[in-house]
Every structure is written in C-alpha cells, then in structure tokens.
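Whatever order the structure lists them in is the order used to number ligands and atoms, beginning at 1.
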Amino acid sequence: VQGPVTVTVTGAAGQIGYALLFRIASGHLLGPDVPVKLRLLEITPALKAAEGTAMELADCAFPLLQSVDISDDPRVAFDGANVALLVGARPRTKGMERGDLLEANGGIFKPQGEAINAVAADDIKVLVVGNPANTNALIAQAHAPDVPAERFTAMTRLDHNRAISQLASKLDVPVSAIKKLTIWGNHSATQYPDLYHAEVNGKIAAEQVDASWLKDEFIPTVAKRGAAIIEARGASSAASAANAAIDHVYTWVNGTPEGDWTSAAIPSDGSYGVPEGLISSFPVTAKGGKFEIVQGLEIDAFSRERIDASVQELAEERDAVRQLGLI
Ligand code: NAX
C-alpha cells in the first residue's frame with residue numbers, strides 16, 4: 001500500500017479546478033489505491049470560493065482523500081507537493097498585447113516556480129494547463145533550477161484527445177481503434193495533429209482519409225476546437241480540459257500501453273529539429289515515471305513545414321519572455 005500523494009492545484013476555484021478536484025479525490029489521477037492530500041492555491045479574493053469547493057469535497061466522503069488545505073501563498077501550497085497542476089493563469093483580455101499577456105503570466109509562474117524549487121517534494125512532477133501553457137511552463141522551470149528540467153511539462157493532451165475523437169468520428173470507428181496519434185508543437189492554433197504516424201486498426205490514418213479533409217478540415221477543426229466550445233457553451237472547455245490533465249498525469253505516473261504513445265509538451269532534447277530546451281509537444285511514451293520522446297519517425301515535407309511553424313512560434317514566445325527578463 002502506497003503512502004499518500006500530495007497534489008497541489010492552482011486556480012482551484014476556477015471552472016477547470018471544479019471539474020478536476022473531484023476526479024483527483026476519487027482516485028482517477030494516480031490510481032484507485034493511492035490516497036491523496038489536496039492543496040489548493042488561489043488568489044486571495046477567490047479563497048472563499050475555494051472553501052466552498054473544499055466543503056463539497058468533504059461532502060463526497062471520498063475514501064482516498066486524506067486532507068484538503070487552501071492557501072493564497074505558493075510557499076504553503078507547494079510544500080511537500082509530489083504533483084502540481086498549474087491551472088490558474090491570467091487570460092488575455094480585450095486590448096491586451098502578447099507582451100502584456102506574457103508579463104502578467106510571468107508574475108504568476110515565476111513565483112510559483114520559485115516556490116516549487118524551495119518547498120516541493122524531490123519527486124515533484126509539474127503539469128502546466130494555464131495558457132500560454134508551454135511558455136508558462138518554461139517560466140516556472142527557469143525559476144526552479146534545483147528541479148530536473150524534465151519535471152516541467154505542459155498540456156497538449158486535450159488537443160490529442162480532440163484529434164482522436166474527430167478521426168474516430170470521421171472513420172466511424174471506436175476511439176480505441178486509434179493509436180499513435182501525435183500533437184506536435186505549441187498548444188495554440190499552430191499545433192500540428194499528425195495523422196501520418198497515427199494508426200487506425202493498425203493502418204496509417206492519413207491513408208484512410210482524403211488529403212483535403214486532413215488539411216482543410218481535420219487540422220483546423222482540432223486547432224480551433226477550443227473556440228468552437230466557447231461559441232457553443234458560452235464558456236471555455238472545462239470538464240474536457242480537466243479530463244486531459246488527469247490523463248496526462250495518470251500516463252506520466254503509470255506509463256503508456258505497449259504499442260501506443262501519447263502527446264505531451266516536454267523540454268526538447270533537440271529531437272526532430274526542435275531547439276533544445278523549448279517545451280514543445282512530441283509523441284511520447286512514459287515508463288517508470290518518465291516521459292521519453294518517440295525516436296526515429298520519418299517526417300515528410302507536409303509535416304515538417306507545420307512542425308517548424310509551431311516550433312517557430314514557441315521560439316518567439318521564449319525570446320519574448322527572455323527579453324522581458326522572465327527567464
Ligand atoms: P477560470 O478563470 O475559471 O479559473 C482560473 C482560476 O485561476 C481563477 O479561480 C483565478 O482566481 C485563479 N488564479 C489566477 N491567478 C492565480 C494565481 N496566481 N494563483 C492561483 N490561482 C490563480 O479559468 P479556467 O477555465 O479554469 O481555465 C484555466 C486556464 O486553463 C486558462 O489559462 C485557460 O486558458 C487554460 N486552458 C488550457 C487548456 C489546455 O489545453 N492547455 C484547455 C482549457 C483551458 O482553456
């Protein structure tokens with residue numbers, strides 16, 4: 001029997017937080033036998049709302065949930081954390097330039113990185129969900145020099161799951177028939193969902209769809225799905241984002257199945273021409289609590305162009321935060 005795992009969730013009173021916490025507490029993040037201690041980090045004005053969520057968590061009487069603590073101080077909230085889900089971020093508001101957005105998020109992810117460095121457990125694993133997720137992860141990582149760089153990751157699992165679902169629906173197959181899908185690059189509109197290595201019942205997906213569907217429908221539908229959800233729901237993706245965060249961490253801790261891989265934004269080691277250090281999405285396997293980039297895939301000209309465009313955007317974001325002194 002494993003001891004309790006301390007999980008810190010930032011932005012805990014937000015809509016993703018509300019969809020996420022109950023699933024963590026019921027054992028979906030780590031497994032059905034792993035007790036959990038929750039730490040919720042919120043900004044001061046949202047502490048009361050976080051208390052309300054904590055009351056509801058108590059009312060679920062989850063057998064695995066050992067404690068819930070709430071704080072507005074990162075040094076308290078990340079103390080002893082084994083897993084950190086960085087969900088709270090500063091959204092882009094009207095008239096905000098990219099520089100303003102990056103700077104505002106620097107004000108959040110720099111102190112959080114410092115606190116993780118100072119007080120988190122030695123085995124801390126960090127998933128950044130709050131946008132711009134890849135670059136926010138880079139900022140946090142830059143301020144946690146004592147934590148191995150590969151422990152900082154950003155979420156493209158929602159894009160991955162969206163792509164699987166779109167493909168399954170197009171080919172009228174169950175989602176379980178689809179393997180080896182990859183999201184490359186940034187969690188943004190430039191992301192590249194790759195069907196040239198994905199398999200449907202063991203056959204290459206790109207060979208089973210029209211080239212025009214792949215290029216003109218599939219890729220933009222996946223990339224713009226977030227906007228379509230906002231249009232329909234009147235609010236951004238919450239339960240599906242929480243579900244993807246659960247999937248990301250569960251896979252990281254418990255491994256990928258044989259014969260399959262997943263997508264996660266992790267620090268590049270230079271693979272596939274992605275500059276070392278950029279936190280970019282790759283095809284990854286997980287084993288023994290570590291992600292590894294799938295090696296040796298052939299990249300055709302169509303894919304190369306799209307991967308390069310998204311990676312270029314990541315490099316520009318990195319340069320912008322560097323100029324702002326955030327990394
Ligand atoms: P909400 O606005 O509902 O909640 C955000 C919460 O974060 C708020 O309660 C706020 O008080 C809190 N917060 C702000 N600054 C904080 C700080 N310094 N410390 C702790 N908490 C802080 O947003 P929600 O819909 O939950 O989305 C959260 C983030 O996820 C956004 O940045 C959003 O863009 C991002 N998303 C990322 C996705 C991905 O695939 N990577 C998809 C879904 C989502 O859009």
Practice task
Report yes or no: does a heavy atom of A13 sit under 4.0 Å from some atom of ligand 1?
Solution key: yes
Practice task
Consider ligand 1: state whether an atom of it lies below 4.0 angstrom from any non-hydrogen atom of S236.
Solution key: yes
Ligand 1-proximal atoms of [X], by part, heavy-atom distance under 4.0 Å:
| X | result |
| --- | --- |
| Q112 | side chain |
| E42 | both |
| L158 | side chain |

Practice task
Run down the list N131, L86, T10, I183 and name the one with the heavy atom closest to atom 35 (C) of ligand 1.
Solution key: N131
Exercise for the section: Between I229, I16, V9, L40, flag the one that comes closest to atom 27 (O) of ligand 1 by a heavy atom. Expected result: I16
[atom]: nearest protein contact (heavy atom, Å):
| atom | result |
| --- | --- |
| atom 37 (C) of ligand 1 | V129 O, 3.0 Å |
| atom 3 (O) of ligand 1 | Q15 N, 2.9 Å |
| atom 28 (C) of ligand 1 | V87 O, 3.3 Å |
| atom 43 (C) of ligand 1 | A241 CB, 3.5 Å |
| atom 38 (C) of ligand 1 | H187 NE2, 3.6 Å |
| atom 5 (C) of ligand 1 | G14 CA, 4.2 Å |
| atom 15 (N) of ligand 1 | I43 CG2, 3.6 Å |

Say whether, by atom type as modelled, one donor and one acceptor occur between the side chain of [X] and the main chain of [Y] under 3.5 angstrom.
| X | Y | answer |
| --- | --- | --- |
| N136 | N131 | yes |
| R162 | R225 | no |
| H143 | L326 | yes |
| N134 | H187 | yes |
| T182 | P283 | no |
| S263 | I183 | yes |
| T6 | K37 | no |

Practice task
Please determine if R75 forms a cation-pi arrangement with F78, meaning its NZ or CZ atom is less than 6.0 Å from the six-membered ring centre and no more than 45° off the ring axis.
Solution key: no
Problem - Heavy atom of protein closer than 4.0 angstrom to atom 40 (O) of ligand 1 - result: yes
Exercise for the section: Identify, by atom number and element, the atoms of ligand 1 in contact range of G11, meaning under 4.0 Å from any of its heavy atoms. Expected result: 6 (C), 7 (O), 12 (C), 20 (C), 21 (N)
Problem - Distance filter under 4.0 Å to A89 heavy atoms, resulting ligand 1 atoms - result: 32 (O)
Practice task
Taking atom types as modelled, find out whether S303 and Y192 have a side-chain donor-acceptor pair closer than 3.5 angstrom.
Solution key: yes
Problem - Q191 side chain to N186 side chain, donor-acceptor N/O pair below 3.5 angstrom - result: no
